[in-house]
Each structure stands twice: as C-alpha cells, then as structure tokens.
Amino acid sequence: MPELPDVEGFRRVLAANAVGERIASVEVLDRYMLKGTTPRALGEAVNGERFGEPERHGKWLIAPVGKARVLMHFGMTGLLEWVRRGERRHPHDRVVFLCAAGELVYRNMRRFGAIRLARDEREVGRETGGLGPDAQQLSRDDFHALLAKRRGSIKAALMDQRLLAGLGNLLTDEILWRARVNPRTPVPELSSRRRDRLHDAVEACIRESIPTGRVPHGRDWLTRVRDERDARCPRCGSRLRKATVAGRTACWCPRCQRA
DNA sequence: TTGCATGTTCCGGA
DNA sequence: GTCCGGAACATGCA
C-alpha cells in the first residue's frame, strides 16, 4: 500500500484518534520491526507521555510523544489502525500503543519497514536517512532545481527519496502518464516545458490522492487498469506497456508517452 | 513450484 | 562521485 497518500491517511488515523491520548504502555509483538531501538528504550521514551500532532515527511509518519518522536515506515504492506481496547490481535500486528480510549496498531504483513525512535526533533533527520523535500509541498522552482543536477531516467529521479520524498512506483507511473513523459527519458533531455508539465502532474496526482488515502482507482488513473491482463490506456485505448525501469515494473502508454 | 508485489539498502561494475 | 542493475530482505498470493 504505502506511498505518500497512504501514509497521509495513516497520519489522519493518528490525528483523529490518538492525539492527546496518554500512552499507558507499548506492546512490541515483533521486535524485528524496531530499528535502532529496543522495546525497553521505546517504552521508557513514551510510557506516560501523550501523542502530539503527527506529521508526515515522504513515506515516514512522525508522531511526537513528549519530547521524543516515534518514526514509522510502512514498507510495502504496512498500515496504521485505531482499534477498541482489548480488540483481538491480527496475526500481522507488530507494535501496539495502548491508551485509555483505544489502541494504535502498527500492522505489517511483509515486515519491510520499521519503527524508529528519535529522542528529539533534531534526531529525526538522521533516523529517516536524508530525505529530500516532501513531494506534496514542492514549488515549481524547487522542482526545477532538483532536476537540474540529475542525469539518469526521470522515473528513477522521481522515485529517489533523497531527491524528493513520497513518490513510489504507482504514483510515479501516474505522474509520467499524465505528463505524457516516457519513464526512460533521461532527465537532461527534458525541456523546461515538460518539466513544468511534470510538476503540474506531481501536484495534481498528490492532491487527488490525498482524500482517498491511496492512489485512486478512478476513471482516469492507470492504477485502475494496470493489473489487468490486456490493460489499455484510459486516454487513448492503446495497449499499455510494462517493463522494468529503475528496478521497478513501470507501466506506460507507448502512444501517449513516446520515447 | 515459480514469479511477482505499492519499499529500501547494499554491492559491484560502467 | 554518479548511476544502473541485481540481489537481498520477509511474506503471501496467483
């Protein structure tokens, strides 16, 4: 699941239910999910403290708890849920924050991803590992500046979290399809006008994904059709192409997005 | 049984 | 230093 819109949805789950709640204790069902910390250190940092207003940077959810920050990454199959106290555990529940009003559950089937702990605001950047600016609030000028130093394919650039944070495989394909840019295009070959179009597409795709809390399966989205066996372009009806680009399965329209 | 999956990291090579 | 491909990580599903 988790790309920027999904994590934004998890942020809302936390904001709507857990903010102001005091953490009685943390249940670490799978300590493998904890990276750079231990169940004990996590407990000592958060027990008795209250959740503050959560933030998101790229695919990371940042939950203030007292002075500390609990950092959550969801890998490919993670999610966050608010459940009633004493609710039966799901087999993939990994870490649970117990509060009086309910329980905040970090679930993750494949166990990619991590929960990290920053002792204060300053440690957040180090723990999340040098992320670029969040893709949701990236000005046109900043977008141009980022691409200016880039040489590889545009698909690789958009997915590079150190360049800009939040875009994954699905969202990147949507953006390229909307902007009518072939995923293999080397960044230096992109005209200024096409870079503008890409920036417009980044903004539009994110804006339209946020309310859903996922990459939409709407009428004019590749995501709706990309997994079909005879997938066709929602715009022109051409047969969609699939191939590995920048290490991931890219999906694009050979007619709308000519090389 | 094999291949693939919405993520990240590490390694070798160009 | 940059960039890419491939493998690895862990798990479930078609």
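All of these numbers come straight from a predicted model, not from anything done at the bench. Chain A is the first sequence line, chain B the second, and so forth, proteins listed ahead of strands; every chain is numbered from 1.
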Protein and nucleotides 10-14 of chain B: nitrogen or oxygen contacts under 3.5 angstrom:
none

- [ ] May I ask you to say what A:Thr223 touches in the nucleic acid, namely base, sugar-phosphate or nothing, with a heavy-atom cut-off under 4.0 Å?
- [x] nothing
TODO: Give the rounded distance in Å between these two atoms: CH2 of A:Trp60 and C1' of B:dG7.
DONE: 11 Å
Task: Qualifying residue, where the test is side-chain contact (heavy atoms from CB on, under 4.5 Å) with A:Val105 and the options are A:Leu98, A:Val95, A:Asp93 - done: A:Asp93
- [ ] Determine whether A:Leu34 and A:Val26 fall in the same hydrophobic cluster, where Ile, Leu, Val, Met, Phe, Trp and Tyr are linked whenever their side-chain heavy atoms lie under 4.5 Å apart.
- [x] yes
Open item on the list: Between B:dG3 and C:dG6, how far apart are the two C1' atoms, rounded to whole Å?
Closed with: 16 Å
Open item on the list: If I take atom CH2 in residue A:Trp177 and atom C1' in nucleotide B:dT6, what distance separates them, rounded to the nearest angstrom?
Closed with: 18 Å
Task: Hphob cluster co-occupancy, A:Val245 + A:Val187, side-chain heavy atoms under 4.5 angstrom - done: no
Open item on the list: Walk along nucleotides 8-14 of chain C from 5' to 3' and tag each nucleotide B, S or - by protein heavy-atom contact under 4.0 Å, base first, then sugar-phosphate.
Closed with: -BBBS--
Open item on the list: Distance check needed: C:dC3 P versus A:Asp160 CG, whole Å only.
Closed with: 8 Å
Task: Lys/Arg cation over aromatic A:Tyr32: A:Arg111, 6.0 Å, 45° cone - done: yes
TODO: Respond yes when some side-chain nitrogen or oxygen of A:Lys59 is under 4.0 Å from OP1 or OP2 of B:dT8, and no when none is.
DONE: yes
Task: Neighbour count >12 (heavy atoms, 6.0 Å) for atom CZ, A:Arg235 - done: yes
Open item on the list: What I'd like to find out is whether the side chain of A:Pro5 reaches to under 4.5 Å of the side chain of A:Ile206, using heavy atoms alone.
Closed with: no
Task: Whole-Å gap separating P (C:dC4) and CZ (A:Arg162) - done: 11 Å
Open item on the list: Is it the case that atom CZ in A:Arg119 sees more than 12 heavy atoms from other parts of the structure closer than 6.0 Å?
Closed with: no
- [ ] With heavy atoms under 4.0 Å as the rule, sort A:Ala156 into base, sugar-phosphate or nothing.
- [x] sugar-phosphate
Task: Residues A:Arg56, A:Gln136; criterion side chain to side chain donor-acceptor pair (under 3.5 Å); working and verdict - done: CA-CA 10 Å; A:Arg56 180 191 55 71; A:Gln136 192 184 1; 2.6 Å; yes
Task: Whole-Å distance separating the NZ atom of A:Lys155 from the P atom of C:dG5 - done: 12 Å
- [ ] Would you sketch DNA chain B in dot-bracket for me? Only Watson-Crick or G-U wobble pairs with both distances under 3.5 Å count, crossing pairs as [ ], other-strand pairs as |, the rest as dots.
- [x] .||||.||||||||
Open item on the list: Using the P atom as the point on both nucleotides, what is the distance between B:dT2 and C:dA7, in whole Å?
Closed with: 16 Å
Open item on the list: Would you say A:Ser25 and A:Asn47 are linked by a side-chain donor-acceptor pair, where the criterion is simply a distance under 3.5 Å?
Closed with: no
TODO: Check whether the side chains of A:His144 and A:Asp196 place a donor and an acceptor atom closer than 3.5 Å, and report yes or no.
DONE: yes
Open item on the list: From CE of A:Met159 over to C1' of B:dT8, roughly how many Å is that when rounded to an integer?
Closed with: 11 Å
- [ ] Check whether NZ of the Lys or CZ of the Arg A:Arg178 lies under 6.0 Å from the centre of the six-membered ring of A:Trp221 and within 45 degrees of that ring's axis.
- [x] yes
Open item on the list: How many whole angstroms separate atom NE2 of A:His73 from atom C1' of B:dT6?
Closed with: 11 Å
Task: Touch class at under 4.0 angstrom, heavy-atom based, for A:Thr249 against every strand present - done: sugar-phosphate
Open item on the list: Can you measure A:Leu71 atom CG to B:dT8 atom C1' for me and round it to whole angstrom units?
Closed with: 16 Å
Open item on the list: Do A:Lys155 and A:Asn169 pair up side chain to side chain, a donor and an acceptor below 3.5 Å, judged on atom types alone?
Closed with: yes
